[in-house]
There are 2 protein chains.
Amino acid sequence: MPDSGFSVAVDLVLLTIRESALHVLLVRRGVPPYRGQWALPGGFVMLDEDLDEAAVRELREETGVDASAAHLEQLASYGHPRRDPRGRVVSVAYLALMPDLPAPTAGSDAAQAAWRRIDEVNLKRLAFDHDRILADGVERARAKLEYTPLGAAFCTPEFTIAELRTVYETVWSTTLDPRNFHRKAITTDGFVEPTGRSTAGERGRPAQLFRRGQAKVLYPPLLRPPPA
Amino acid sequence: MPDSGFSVAVDLVLLTIRESALHVLLVRRGVPPYRGQWALPGGFVMLDEDLDEAAVRELREETGVDASAAHLEQLASYGHPRRDPRGRVVSVAYLALMPDLPAPTAGSDAAQAAWRRIDEVNLKRLAFDHDRILADGVERARAKLEYTPLGAAFCTPEFTIAELRTVYETVWSTTLDPRNFHRKAITTDGFVEPTGRSTAGERGRPAQLFRRGQAKVLYPPLLRPPPA
DNA sequence: GTAATAGTGTCTTTGAGACATTATCTA
DNA sequence: TAGATAATGTCTCAAAGACACTATTAC
């Protein structure tokens with residue numbers, strides 16, 4: 001009775017911040033369909049694999065990134081009957097946030113990979129329905145910064161308050177008052193925790209280093225400036 | 001190269017409020033596996049069907065509910081290799097919120113359907129991984145009330161502020177100050193909009209009737225009382 | 001010293017929490 | 001009339017926004 005003719009894929013919206021801009025990792029497809037076009041990295045789920053496992057594996061295989069260095073969460077599933085000309089493919093999209101490591105971004109296949117600025121890539125035509133998946137991923141990331149400490153996922157394990165603030169400013173495309181942000185970061189329970197260490201050798205006064213706090217959710221949240 | 005041996009199902013977490021308690025619609029399975037056990041309503045996606053379409057269809061077929069009467073959104077996907085003994089089934093779960101219509105809840109199959117109180121059903125063993133799907137659905141509903149006007153999805157098209165407040169109190173298992181809630185509902189842009197009509201024939205002063213506002217998100221949100 | 005950046009403090013405004021009072025209906 | 005429920009108003013407190021100042025480094 002059940003139709004068993006489905007394939008299941010995972011696609012990754014892998015975001016990072018480099019050169020003060022939000023970037024997504026794209027791969028150029030080396031095989032049809034959409035050969036030569038840019039797409040999100042991804043691949044098919046194997047028959048004995050859980051979805052999360054497949055996402056971790058694809059992250060490693062297609063981008064050379066170890067899952068422990070990134071935050072990874074399920075985003076949503078996309079299953080239009082004709083979204084893939086090869087057949088009936090349901091894609092489970094994952095959102096990954098990571099610091100700007102000098103990651104190889106070396107695709108296992110001959111496909112080339114590249115970080116692209118979010119604000120420039122939206123204009124391009126991505127393969128499949130990946131423009132919509134990307135848009136959903138970016139919006140999820142923006143929303144998550146409001147009520148979780150996950151902004152730190154874009155930073156190295158130890159970071160300064162100013163670095164964390166630029167993450168927020170970059171992802172939200174806004175500017176935030178450094179003093180108010182500092183107060184919010186310090187006083188909100190479980191947002192960041194001090195390491196005791198400081199930066200050195202930089203210009204200006206050394207900054208204290210923090211790591212991500214243990215909170216799952218920020219209370220109260222750190223809301224984006226209203227759209228108006 | 002892609003494994004095509006997957007089946008894809010949709011499962012529904014259909015929530016409503018009746019008798020001052022949050023209820024979920026469950027069906028008793030008439031066929032193996034898990035015969036005789038309670039499960040979320042759901043079924044397999046057909047090969048020419050989009051995921052959302054399948055969710056709407058299952059909502060109609062398994063519960064007799066028309067999608068226009070409910071709020072329906074994708075929740076998450078579950079794909080452990082052995083979550084279904086019949087084979088490799090990936091389930092795309094949907095969350096549905098609806099008013100307490102005298103819905104037939106008549107399963108198309110011989111399966112019986114029943115509304116169960118959330119606080120009582122958590123103890124029981126549901127089929128498959130449906131206990132986890134249900135928990136995720138309830139948490140999503142609780143969170144959505146904070147920053148969207150979707151609490152109104154539990155109400156009839158026109159409702160009073162007091163009715164909307166009891167929705168929040170029921171879903172969050174808390175009590176809210178009627179006067180503060182009234183102020184919040186009225187002054188938050190796009191939360192509710194007046195119809196001009198009022199209740200009549202009830203005890204006490206008649207209440208104004210409202211319908212759901214147009215806002216996608218509430219700003220500022222209406223936060224749950226802190227867990228502490 | 002100067003320039004640069006980090007960190008702290010204060011005032012104001014907005015919004016939520018606590019709570020009293022008035023308004024309008026049914027019985 | 002009494003009883004019930006709706007709606008509004010006031011005071012207080014917590015937290016965000018705006019903004020000035022002090023602290024600590026490199027040079």
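Using a 4.0 Å cut-off between charged side-chain N and carboxylate O, Glu169(A) and Arg165(A) make a salt bridge. Salt bridge status for Glu73(B) with Arg140(B): present, with a side-chain N to carboxylate O gap under 4.0 Å. The pair Glu62(B)-Arg29(B) does not meet the salt-bridge criterion, since no charged nitrogen lies less than 4.0 angstrom from a carboxylate oxygen. Salt bridge absent: Arg211(B) and Glu163(B) never bring a charged side-chain N and a carboxylate O closer than 4.0 Å.
For the OP1/OP2 pair of dT8(D) and a distance below 4.0 Å, the side-chain nitrogens and oxygens of His182(B) include at least one atom meeting the criterion. Residue Gln208(A) has a polar side-chain atom (N or O) positioned under 4.0 Å from OP1 or OP2 of dG7(C).
In this structure, a donor-acceptor pair under 3.5 Å is present between the side chains of Tyr94(B) and Asp52(B). No side-chain donor-acceptor contact under 3.5 Å links Asp100(B) and Thr16(B). Judged purely by distance below 3.5 Å, without hydrogens or angles, the side chains of Asp11(B) and Tyr78(B) never pair a donor atom with an acceptor atom.
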Nucleotides 12-21 of chain D: protein proximity per nucleotide (B base, S sugar-phosphate only, - neither; heavy atom, under 4.0 Å): ----BBBBB-
Heavy-atom protein contacts under 4.0 Å, nucleotides 22-27 of chain D, coded B base, S sugar-phosphate only, - none: -BBBS-
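With Trp172(A) as the aromatic partner, Arg142(A) does not meet the cation-pi criteria of under 6.0 angstrom to the ring centre and within 45 degrees of the ring axis.
Within a 6.0 Å sphere centred on CG of Asp119(A), heavy atoms belonging to other residues, nucleotides or ligands number more than 12. At most 12 non-hydrogen atoms from other residues, nucleotides or ligands lie less than 6.0 angstrom from CD of Gln214(A).
Listed by residue number, the members of residues 144-171 of chain A with any heavy atom below 4.0 angstrom from DNA chain D form an empty set.
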